[in-house]
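First comes the structure, then the notes that go with it.
Indexing begins at 1, ligand by ligand and atom by atom, following the structure's order. If you read the sequence from its start, that first residue is 1, and numbering goes on from there.
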Amino acid sequence: MMIKRIGVLTSGGDCPGLNAVLRGVVRAAANRGWEVIGFHDGFEGLLPEPNYEVLDIKRCAGIMQLGGTILGTTNRGHFIAKVGEGNRIELDPEVIAKAKQTVDRLGISALIAIGGDGSLTTALQLQEAGIPMIGVPKTIDNDLEATAMTFGFDSAVAFVSDALDRLHTTASSHKRVMVIEVMGRHAGWIALYGGLAGGADIILIPEIPFSYEKVAECVRQRGEEGCLSTMVVVAEGAHPKDRGEIYRKAGPGEYKLGGIGEQVAAEISARTEKETRCCVLGHLQRGGAPTTLDRILGTRFGVHAVDLIADSRFGEMVSYQNYQVLGVPISHAVHKTKRVPADGQMVAACRAVGISFGD
Ligand code: F6P
């Protein structure tokens with residue numbers, strides 16, 4: 001296949017490291033003499049009038065260290081192919097046809113979609129419709145199957161750990177319990193890694209349903225041992241054994257995970273009479289410069305996406321396994337959410353250093 005021009009887009013929630021991937025794609029493509037077209041605002045940029053720009057080495061200079069994405073992104077619009085685990089929404093055939101027309105008209109040989117499980121499910125449908133697609137997995141949540149890690153996760157964890165350091169000093173000065181709610185959707189990776197790195201005393205994750213009484217018991221015991229403060233990290237998808245996840249209204253008809261932090265704080269305060277505060281880290285976890293690890297992983301993902309195109313391995317996505325970047329079928333990544341194994345080494349290490357999971 002004679003390749004002259006390829007396309008790339010960023011889709012779904014933004015994430016530190018996206019610009020490192022774009023720069024990696026552009027530089028690796030330039031080495032092969034290919035031109036890169038960057039579509040704006042995710043898959044929406046493919047619809048008429050197509051919204052795109054030529055990405056060259058000059059345009060990508062100095063972007064690796066920037067958070068967000070220079071192409072813009074969206075997690076709504078005409079290309080939503082998934083609203084929950086294992087669930088697939090068929091895209092409107094007319095929307096697919098328009099996207100294909102754009103790709104054909106611009107002479108694009110392959111399209112790289114950088115996105116999470118929803119965007120990769122969209123990419124799979126476009127591939128099935130005849131657009132040669134390559135996926136690059138992206139999410140701060142680290143909840144994608146078929147890759148040991150996604151870029152963005154390390155940056156989010158670094159932010160959580162830094163926030164805990166800051167909250168620790170105020171919590172111990174006031175002898176308070178501090179509850180920190182973090183992102184992660186239905187997986188507890190950010191809470192687990194950020195909590196361990198930030199010296200949390202209690203970590204609550206969706207994979208280990210907790211009991212309020214056990215959490216309160218741990219707080220009381222720490223008080224009896226003379227500890228000045230207690231730091232509780234709660235994943236937004238965590239829930240007590242007898243109740244489900246908590247959602248908050250994010251817009252008209254739209255609900256997002258969130259609110260468990262306030263509930264945990266209220267229960268701790270009522271059960272222990274300790275002064276308790278809740279801090280929701282929210283989108284701060286998605287912003288800012290990527291860590292060195294995410295810059296490197298992002299660059300390697302971008303470079304390998306171009307290699308996969310050169311080898312005509314369409315329908316595959318890049319994947320990080322045993323320190324190597326490989327190609328795997330996109331379908332392997334989107335069939336289920338990668339959750340924290342409750343009996344795995346990370347949870348065991350946390351327990352070994354005295355962290356309670358409230359179970
Ligand atoms: O998937 C990434 C993520 O940041 C989740 O951790 C969080 O639940 C969600 O996206 C927030 O989405 P939005 O940006 O639409 O509020």
message: Within the structure provided, determine whether T121 and I330 are in side-chain contact (heavy-atom separation under 4.5 Å).
response: no
task: Could you tell me whether Y247 and Y255 have their ring centroids closer than 6.0 angstrom?
output: no
field: ligand 1: protein residues within heavy-atom distance under 4.0 Å
entry: N75, I140, D141, M183, G184, R185, E236, K256, H283, R286
- request: Scan Y320, Y193, W189 and name whichever one has a ring pair (Phe, Tyr, Trp, His ring centres under 6.0 Å) with F153.
  value: Y193
message: Restricting to side-chain hydrogen bond (donor to acceptor under 3.5 Å, both in side chains), what partner residues turn up for S119, sequence neighbours left out?
response: S11
Check: G184 main-chain N/O paired with E236 side-chain donor or acceptor under 3.5 Å: yes
- prompt: Does the T73 side chain pair with the main chain of T10, one donor and one acceptor, at a distance under 3.5 Å?
  reply: yes
